[in-house]
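Below is one structure, written out as structure tokens, with a few remarks after it.
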Amino acid sequence: MPTRALHYDALKRKYNEVDPYKKPKELLEVSPKGLVPGLRLNRYNPPRSLNESTVILDFLEDLAASTTRRSILPPISNPYARALVRLQADHVNRSLVPAFYRYLQAQEENKQIETGKEFHASLEGLVSLLERAEREVVGPGGASGEGEAKSLSKGLGLWVPGETELGWADVMAGPWLYRAKVVLTHYRGFQLPEGEMFNGWLARLFEHPKFKATCSTEQLYLDSYERFPQ
Ligand SMILES: N[C@@H](CCC(=O)N[C@@H](CS)C(=O)NCC(=O)O)C(=O)O
């Protein structure tokens, strides 16, 4: 067995990880392609399940509307603000995540430089969308006073200075920004963009107790992505 495969086998044992070529029945029942995340709903008998991260998020948001009444989106009375947040989420799904993987998988140096620039451009695209939402929802012309600005900024998330509640865009982008910081920095020498607003956002996000509660150790991220980079 080649050294690389042996090492990967050891990692699987270390983390009790699922074999990507032989996914267990319990996982396939929840997520037909064996991809995570998957959600198992034990309140049904027999249990039911959902997969696809954005569908799961929508489900949890809808469920909360009739239970906890907490939301990570702007209020339903502000459909434009909700749409702007969904644009940010769409950008994460269709641009940021694919750019992350292209960069991580690139082997030749020139490919790494090219895909690194693409990832950087995608991050800047996300920042533009966050700035747009803040400008159009709480900026001049959007709100008439501080109290209204505070209530309008609900659901825009930690991008807005002073905001302490996670928003939809934080939940969508956060895991990939954190992976960029840990994994791309280590394997690709990547540097996250600098900027007062951007740095402030990342600090609020990475230090947020609810976000931190979802993170693994840095070593686990590095080990999990080890099969990609050379
Ligand atoms: N579109 C899916 C993508 C899911 C996905 O690719 N999950 C990755 C982890 S981020 C996975 O399960 N990888 C394991 C594998 O490919 O075997 C979603 O958003 O839920």
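What you see below is based on every heavy atom in this structure, not just the backbone, and it leaves out hydrogens, waters and symmetry mates. Each ligand, and each atom within it, is numbered from 1 in the order the structure gives.
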**Prompt:** Got a second to check how far L177's CG is from L123's CG, nearest 0.5 Å?
**Reply:**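 Rounded to the nearest 0.5 Å, the CG-CG separation comes to 6.5 Å.
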
**Request:** Look up atom CG in L126 and atom CD in E131, then write down how far apart they are to the nearest 0.5 Å.
**Result:**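 Interatomic distance, L126 CG to E131 CD, rounded to 0.5 Å: 10.0 Å.
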
**Request:** Give the residue and atom name of whichever protein heavy atom lies nearest to atom 12 (O) of ligand 1, and the separation in Å to one decimal.
**Result:**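 Looking at atom 12 (O) of ligand 1, the protein heavy atom closest to it is V36 N, 2.8 Å.
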
**Message:** Suppose we measure from atom 10 (S) of ligand 1 to each protein heavy atom; which comes out shortest, and what is that distance?
**Reply:**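 In this structure, atom 10 (S) of ligand 1 has Y101 OH, 3.9 Å as its nearest protein heavy atom.
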
**Item:** Any N/O pair S53/ligand 1 closer than 3.5 Å
**Value:**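 Yes, at least one N or O pair falls under 3.5 Å.
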
**Prompt:** ligand 1 and E52, any nitrogen or oxygen pair closer than 3.5 angstrom?
**Reply:**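 Looking only at distances, the answer is yes, because the N/O contact criterion of under 3.5 Å is met.
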
**Request:** Identify which of I56, V55, L35 has a heavy atom lying nearest to atom 3 (C) of ligand 1.
**Result:**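 Result: the heavy atom closest to atom 3 (C) of ligand 1 is in L35.
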
**Message:** Check the orientation of W176 and F100. Use parallel for under 30°, tilted for 30 to 60°, and perpendicular for over 60°.
**Reply:**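 W176 vs F100 ring planes: perpendicular.
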
**Prompt:** Can you tell me if K23 has a non-hydrogen atom under 4.0 Å from ligand 1?
**Reply:**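 K23: in contact with ligand 1 (<4.0 Å).
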
**Message:** I need the atoms of ligand 1 closer than 4.0 Å to a non-hydrogen atom of P37, numbered in the order shown.
**Reply:**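 Near P37, the atoms of ligand 1 are 20 (O).
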
**Message:** Tell me every residue that passes side-chain contact (heavy atoms from CB on, under 4.5 Å) with H120, counting only those two or more places apart in sequence or in another chain.
**Reply:**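 Expected list: E124, F190, P193.
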
**Asked** Is there a donor-acceptor contact under 3.5 Å from the side chain of H91 to the main chain of V127?
**Response**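 Judged by distance alone, no pair lies under 3.5 Å.
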
**Item:** Atom NZ of K117 with >12 non-hydrogen neighbours under 6.0 angstrom
**Value:**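 Atom NZ in K117 is not packed in, count stays at 12 or less.
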
